[in-house]
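What's counted below: heavy atoms across the whole structure, side chains too, no hydrogens, waters or symmetry copies. So that the names make sense, note that chain A is the first sequence line, chain B the second, and so on, each numbered from 1. Since we're looking at a predicted model, the values are computed, not measured.
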Protein chains: 2
Amino acid sequence: MRSAEFDKEKVLRAAIAAFVNKGYNKTSMQDLKKATGLHPGSIYCAFENKEGLLIAALEQYNKDRCGEFSDYFSGEKTVLAGLKNYLMKTVTNCTSSGPERVCFSQQALSELSEQTSAVEAVISKNLNDWQQGFIWIFEQALAAGEIDNSRTAKQRTQSLVMGIYGLRTFAHTHPTVDVLEELATQLLEDVSR
Amino acid sequence: MRSAEFDKEKVLRAAIAAFVNKGYNKTSMQDLKKATGLHPGSIYCAFENKEGLLIAALEQYNKDRCGEFSDYFSGEKTVLAGLKNYLMKTVTNCTSSGPERVCFSQQALSELSEQTSAVEAVISKNLNDWQQGFIWIFEQALAAGEIDNSRTAKQRTQSLVMGIYGLRTFAHTHPTVDVLEELATQLLEDVSR
DNA sequence: GCTGTTGTTGAATGATCATTCAAGTACTTT
DNA sequence: AAAGTACTTGAATGATCATTCAACAACAGC
C-alpha cells in the first residue's frame with residue numbers, strides 16, 4: 001500500500017480559494033490544477049469529479065469555520081462582546097482582497113441552489129451548523145440576562161444570519177470599512193434589543 | 001427598411017427568466033434560443049453577443065422595477081404602510097416558483113461582481129437606482145414625521161437594502177412565507193425605529 | 001534487489017460552448 | 001409585380017470544457 005503524496009487539507013483550501021475567486025461554474029479544471037498543484041487524474045482519483053471536489057471543499061470549509069467560531073467568544077466578558085468581535089471580523093474579511101472576502105457557503109448557496117441536490121445538502125448542512133452556533137450564543141446571552149426574552153434565540157439568530165447575508169452582499173457594491181462597520185453595529189443593536 | 005420581427009421587451013423578459021433560472025454562466029445560447037424564440041444569428045445581430053444580451057436584460061429589468069416602484073406607495077396613507085407593501089410583496093416573490101423569486105440584479109451581483117467591468121457598471125446602476133428610491137421614501141417619511149432624525153434617510157436605506165439582500169438570500173434556504181414575513185416585519189420595525 | 005501494487009502524469013477524447021456566415025426569406029419601394 | 005434591401009435561419013467553426021486512460025514512477029513486501 002502506497003500513501004497519497006498530497007496533503008488533502010491544503011489541496012481543499014487551495015480549491016476553496018479557486019472556487020471563491022471565480023465561482024464554481026467559471027472555475028475550470030485547469031484553474032484547479034494550477035491552484036492545487038494536482039493533475040486532473042489525481043483530482044479525479046481523490047474526489048471522483050469536479051462536483052466531488054466541490055463537496056469535499058465545502059465540508060473542509062465548514063470544519064475550518066466551526067473550529068474558529070468559539071475563538072470570537074472566548075476571553076470576552078459578555079456574549080454580546082463576542083458577537084461584536086465576530087461581526088467586526090466579518091467586516092474586515094469583506095474588505096480583504098484574499099479569498100476570505102467571500103463566504104464560500106453563501107456563495108455556493110447563491111450560485112448553486114436549486115441545481116444538484118447532493119451539493120445543496122452540504123450547503124444546507126454548513127449553513128445550519130453556522131446557525132446552530134448562533135442559537136447557542138443567544139441562549140447563553142439570555143441566560144446571562146444580556147438580552148430579554150421578547151424574542152427567542154432562534155428568532156434573533158434568523159435576523160442575525162439574514163443580516164450577515166445582507167452585509168456580505170452589500171459589501172460587493174460598497175466594500176468600505178466605514179459603511180460596513182456602521183451597518184454591522186446597527187445590526188448588532190437591532191438583534192440584541 | 002424592414003423592421004425587426006420580434007418584440008425587444010418580450011425577448012428581454014424571456015432572457016431574464018432564463019438567466020434567473022440557471023444563472024448567467026450556466027445559461028447556454030441554446031437555452032436562450034429556446035426561451036426567447038430567437039435564433040443565434042438574430043441574438044448576435046440585436047445584442048452583439050451573450051454579454052450584450054445580459055446588459056440589455058439588466059437594463060430592461062431595471063426599467064420594469066423602477067416602473068412599478070411607486071405602485072407600492074401610491075394609495076397608502078403613510079409611507080411606512082407603502083414600505084410594508086413592498087416588503088410583503090418581496091416575501092411572496094421569494095416564495096414563488098416563477099422567475100420573480102429571484103432579484104435579477106442581486107443575482108448578477110453575486111455571480112458576476114469582480115468580473116467584467118461593463119456588466120458591473122450596469123449592475124451598479126440598477127442597485128443605485130433602487131437605493132435612490134428608498135432614500136426618497138425615507139425623506140418623505142421624515143418630512144411627514146413618521147420617523148425621527150436619529151438616523152439619516154441614507155443610513156436607513158442602507159440598512160433596508162442590506163436587509164432585503166439578506167432576506168432574499170435567506171429565502172434560498174428557508175422559502176416559507178411564515179418565517180420570511182416575520183423577518184420582513186422585524187426588518188421594517190428596525191429600519192423605522 | 002526484485003516484483004506487484006498503487007499513485008501520478010498529461011496527452012487524448014468527446015461533449016458542449018459562444019460565435020459566425022452564407023444561403024434563404026419576407027418586406028418595402030418603385 | 002419586379003428588384004433591392006434587410007432580417008432570419010441553422011449548420012459549421014474553433015475554442016474550451018470535464019473526464020478518461022494507458023504509460024510511467026515510486027513505494028511496500030519479500
Steps toward side-chain contact (heavy atoms from CB on, under 4.5 Å) verdict (B:Val161, B:Phe134): CA-CA 9 Å; B:Val161 162; B:Phe134 285 129; 4.1 Å; yes

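- As a whole-Å value, the separation of B:Lys50 NZ from C:dT16 C1' is 12 Å.
- Rounded to a whole Å, the CE atom of A:Met29 is 23 Å from the P atom of D:dA15.
- Judged by closest nucleotide on DNA chain C, A:Gly41 is the one of A:Gly41 and B:Tyr24 placed further toward the 5' end.
- Of the candidates C:dT8, C:dA18, D:dT19, C:dA18 carries the atom nearest the B:Tyr44 side chain, counting heavy atoms from C-beta on.
- B:Asn126 contributes a side-chain N or O that, together with a main-chain N or O of B:Leu58, makes up a donor-acceptor pair within less than 3.5 Å.
- Using a distance-only test at 3.5 Å, with no hydrogens or angles considered, a donor-acceptor pair links the side chain of B:Asn21 to the main chain of B:Ala17.
- Protein atom NZ of A:Lys34 is 15 Å distant from nucleotide atom P of C:dG10, rounded to whole Å.
- Distances were taken from every side-chain heavy atom of A:Asn49 (C-beta onward) to each of C:dA18, D:dT8, D:dT19; the shortest belongs to D:dT19.
- Rounded to whole angstrom, the span from the CD1 atom of B:Ile43 across to the C1' atom of C:dA18 amounts to 11 Å.
- With hydrogens and angles ignored, the 3.5 Å screen pairs no side-chain donor or acceptor of B:Gln107 with any backbone N or O of B:Val102.
- What separates NZ of B:Lys33 from P of C:dT16 is a distance of 15 Å, to the nearest Å.
- Here C:dT16 presents its P atom at 9 Å from CD of B:Gln30, a figure rounded to the nearest Å.
- With distances taken from any side-chain atom of A:Ser42 to the nucleotides C:dT9, C:dT19, D:dT19, the minimum falls on C:dT9.
- Between the CG atom of A:Leu53 and the P atom of D:dA18 there is a distance of 11 Å, given to the nearest Å.
- In terms of phosphate contacts, A:His39 brings a side-chain nitrogen or oxygen within less than 4.0 Å of OP1 or OP2 of C:dG10.
- The nearest heavy atom of DNA chain D to A:Thr27 and to B:Gly37 marks one nucleotide each, and the one closer to the 5' end goes with B:Gly37.
- Looking at A:Glu182 and B:Gln155, their side chains do bring a donor and an acceptor atom within 3.5 Å of each other.
- At the heavy-atom level, B:Ser28 lies under 4.0 Å from the strands shown only through sugar-phosphate atoms.
- For the pair B:Leu54 CG and C:dT19 P, the interatomic distance rounds to 12 Å; values are reported in whole Å.
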